[in-house]
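Notes follow the structure.
Lettering follows sequence order; numbering is per chain, from 1. Computed from heavy atoms alone, side chains included, the values below leave out hydrogens, waters and symmetry copies.
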Amino acid sequence: MPDVHSLVNEFVTKLNKRQIEGSKTTAKLTAELLRSFISQQRLPHSNQAGALIDAVKAVGEKLIAAKPVELAVGNVVRRVLHIIREEDLSLTTAAVGGLNLASESDDEDDTEQDDHPVLSATAVAAAARNALRPPSLQTLLEDLPHSAAAPHTSSSGGDSEGKSKSADKNTMTRKLKHNVIEAVNELIQEISTCHEQISEQAVEHIHHNEVILTLGGSQTVKEFLLAAKETKRSFRVFVAEGAPRYQGHAFAKELATSGLQTTVITDSAVFAMISRVNMVIVGAHAVMANGGVIAPVGLNMVALAAKRHAVPFVVLAGVHKLCPLYPHNPEVLLNELKSPSELLDFGEFSDCLDFGSGTGSPLIHVVNPAFDYVPPNLVSLFITDTGGHNPSYIYRLIADFYSPDDVVLQRKSAS
Amino acid sequence: MRSNGSASSTKLMRSSRSLDRKKLRRNSSLVMKSEALDVHRSLSKGLAKSESKPRCRRYAVKKIPPFTAAAQCCNVGGDDMVAKKGGRGEDTEEELTRVPLQAIVLADSFATLFRPITLERPKVLLPLVNAPMIEYTLAWLESAGVEEVFVFCCAHSKQVTDYLQNFDWLNHPKFLVTTIESYNASCAGDALRVIYERNVIHGDFILVTGDTVSNMPLNHALKEHKERRKNDRNAVMTMVIKQSKPSPITHQSRLGTEELFMAIDPETKELLYYEDKADASKGTVSLDKTMLFDRSCISLHNDKQDCFIDICSPEVLSLFTDNFDYQHLRRHFVKGLLVDDIMGYKIFTHEIHSSYAARVDNYRSYDTVSKDILQRWTYPLVPDVPFLKNSLTKLERQGTYRASDIGLSRSAKIGPFTVIGSGTTVGNHSEVSNSVIGEGCIIGSNVSIDGCYIWNKVTIEDGCKLKHAIVCDGVTMKSGAVLESGVVLSFKVVIGQNFVVPAYSKVSLQQQPVKQDSDEELEYADNSSGNVEIASLPNTAEMLEEESRTEVADSQIQAASEVDGVGFIWSVGEKGHEEEWRHSVAPIPAYRLIEIIKTATEELEISNADSNILPPSGELEHDSVNDSDEDARDDSAHFEKEVEATFLRAVNENVKEDHVILEVNSLRLSCNLASTDCAGALFYAMMKLALDTPHGSPGELLKNVAGVIGKWKKVLKYYLPSLDEEIEVILKFEEMCLESTKEYSTLFATILHVLYEKDILQEDAILNWAAEKEEADESDKVFLKQAEKFIQWLNEASEEEEEEEEEEEEEE
């Protein structure tokens, strides 16, 4: 136990210090951390799913608070919670015949009322949406185990009840944990192979003699382009340099060494070049529930230019970047302001940044945001591990991967 | 301490030996090593502590070309000693790679610039944008990959250790923080000596103070340092520097520091010269000539800022132990190493460009660094990144940082670059801008706060006005109180209703210690030792707050009378009011800036007039050093005066000729001049004497001259061994007649004759002089014409002589 706590703390400090960069690595590390956390978690005899969910939620809150701007952390936490719920559900459905549902359904109403005030408006909205869409068997059953399990935490009498079935539960405990860990392993696998999954689809999108434009550097985009090149398609790539971090420079070099015809342009030349471009392919920082994209700074401009010239704007994103939150949610921190030193040399401008003279505030202010927001109407297509999707379809994807109960994690910490 | 003479002579001997050794080296390295050790020992005995003057050194070095060889051998000796001390053999290199990266954090500034606040709390725990300074230092060190940190605490050491304990710094698994306490350390040197005694540092370490704010990655600088060490064991330290604009006011207005001059070898980045207090009166920097001895160029900078981050080798600690007089890191240690070329230790620099590093040294830099943090130069050490265990703060538009649970009135205006800590409430129509407000503060309505640093749990009642002030924990400002710019209110001070605290004053519950003591440990004020009254303060109301505190009631009443609440106003120190603005949080008033610029430009003009101004940061080439010429000119003028004085004394006291010669000789040696100069000077002195002896007519003057010359003929003749000197004397005489002693101008030819007759000048000398002058301008020929007849006569005479000789020869 102390071992895993120190692991969690270490991860939190790393996130705090901004030592982990990139949503893929962050997602993978988070999933691995949660896996070891779950495997070391000792579960009570009764209501293991609830206890596990609570424990994971507590850790998840900590992790999210450490770096709110990295939405992948929250996504993975929610995915894991969803996995726990699903596994619990499948176990319960398997054992449903042997349990007396009658006694538990009595409590059901109480729990519902207990839970509702905690839920935020978003969660309610999500639940409402849930109700609106055609109910699948899964979603119908999803609510059942949760509400059935919840009373045990609230009532102290639950223990005696648990004891009676201890033998049965014991096997279930191990089973649940085992299943959850298996599923988390799959999740880790999925995160680490998302690039391959996405680039498999490259052949369908990039055609012969096309011109592709991208901005900055993204591992996903690189593998996507290289996969298209593998199939002997010959195409050209324009790389906008992506100020102020200029990842485009290194990116262009990587492409060129792999034998791709590459042209480097400045960010400001994007509009001039867009008429010659057949398709814009970019990576994303996060994809929001409404189909909007949080992406490296400068992409909104590219998207507008593409829209103007009716060039398809394609966003590549692994499923771990799908965020069940809406960009107008107060929990979502859309942006992060980085150090001005990326723009200006501190030494060179130190006389303009003088606090000691005049009114005590310098005449130069530098703002260096890390991200842009691209609204869904500017995006033509999302390519994820599961295939190509319209922006308007993202909410469905999200419903598949996340449980509506987990959407709002941080609200609890505030209250 | 040894005299300079012996030091230089030892050096001479040593270098000659080293030459031998160099030859030996080819044959057997073993012999050389043992000998080197031997020399080293004798050196360390005699010279390690001798503070010989650089001038003498320079002389010695000039004379001995194989100086480099000496240094090399010395290196070997130093090496061996270190290896012995550490108890390690040849595997030092491997071990170095194994030891964890260590850092020493000096949690004590050994200065009094933050008084009176530091009377109650150590400087490193003072909040900088709502987080103690040491948090920034430790967080940076942790993320930079340091594995073990030794925090040295002295003043208020209990508070520091308690803090580290409470905030969970002491039991990190991968970041070991150990505290070292000492109660009698009064300077950085003492601290390092204590650490050396503990024997905890095993490899290269980072030396910083606990008030450093930085986000620089250390790996690059460390790698550079390690590589240098591999090639040169004497590269003991790497100093981190940063560029800043060399405007005359930037240094002052940004960090409140003096202008800094550095000479750096542009190729190796070796630091050659460090001067943080350039002599403002002269506006000049004098560099040691030897710097250019073995390098093609050096660059001189005034646009660099010292970050006070040093990467040191373990030798640094032993150096501090060997030299008990090293106290200050820069003033003594760095300068000491730079001047000391015996041990041959070198300091290198590492310049950082994109990352940030600064030290909070005084109130001015406190203000600057705080604002740099708010402007995110220190990213990721910014308020909205929870690098500390503080509450979550969110960055909003215009750089406003707000904690989640604050109570803001709708009509309150929060301006740009402001932090509002959790639990703080701001009342109606209050305005806050460019300020940092801590946790749990209560700010009333109609308050205006601009450029202030308000710490935790401060109460500011309605209608107060604060401008560029620091307000510490627990202060209460009654309604309508005003803080003028630059005010510092220490802990728990109470300011009375409508009281105006004058600009730059410091108010504390502690009384000001009467004696300024450098030791912070003794800073606790003695209540019985007299209160400093400020007569100029208006003691208006008699309203006393009955405070339920455990303080002595007596002092409270006294204190209350000063600020209409509770607290003493400290009188300003020896520096006086004039200097207060330099280190205050308030921006420098416009008229001060004008003054600074004015003095700076004046300095520039002066040095321009000297015509040897160097470009601000240009490369200094060999040729551009022309000090030597000027030196020589100065020297000869000085020498002339000295000789004259000596001669007069000789005349007055009837000193023997031999003694006069001896004295003049020694003078000549000390000024490093040729014997020709002596003849000229001596002749000048004699003529001066003749002139000064009372006389009525030119005839009498002539008599005087003849008398003096006749009396001191022997001395003068001593300095005229050849024709050249004699010509020199004639030229000198000519010059005198033209410039200083015009009385002689009419007598030129006559005196020349006298000199000829007295056998001082040979006819050849005079004829040569005449021949030389033939080619000169008309204006120069005045005296030649005067002496024409004499010369003609001489010519005839010599011809006659020649004829005679010829005749004689013929006769023979």
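At least one side-chain heavy atom of A:Leu29 sits under 4.5 Å from a side-chain heavy atom of A:Glu32.
B:Asn219 meets the side-chain hydrogen bond (donor to acceptor under 3.5 Å, both in side chains) test with no other residue; sequence neighbours excluded.
Residue pairs satisfying the salt bridge (charged side-chain N to carboxylate O under 4.0 Å, His left out) criterion with at least one member in residues 241-252 of chain A, sequence neighbours excluded, are listed as follows: A:Arg245-A:Glu342.
With a threshold of 4.5 angstrom between heavy atoms, A:Leu343 does not approach chain B through any atom at all. Both the backbone and the side chain of A:Leu344 come within contact range of chain B, judged by heavy atoms closer than 4.5 Å.
Interface summary for chain A: among B:Ser485, B:Ser143, B:Pro416, the most heavy-atom pairs under 4.5 angstrom belong to B:Ser143.
For the residue pair B:Tyr453/B:Asp367, the side-chain donor-acceptor check at 3.5 Å is satisfied.
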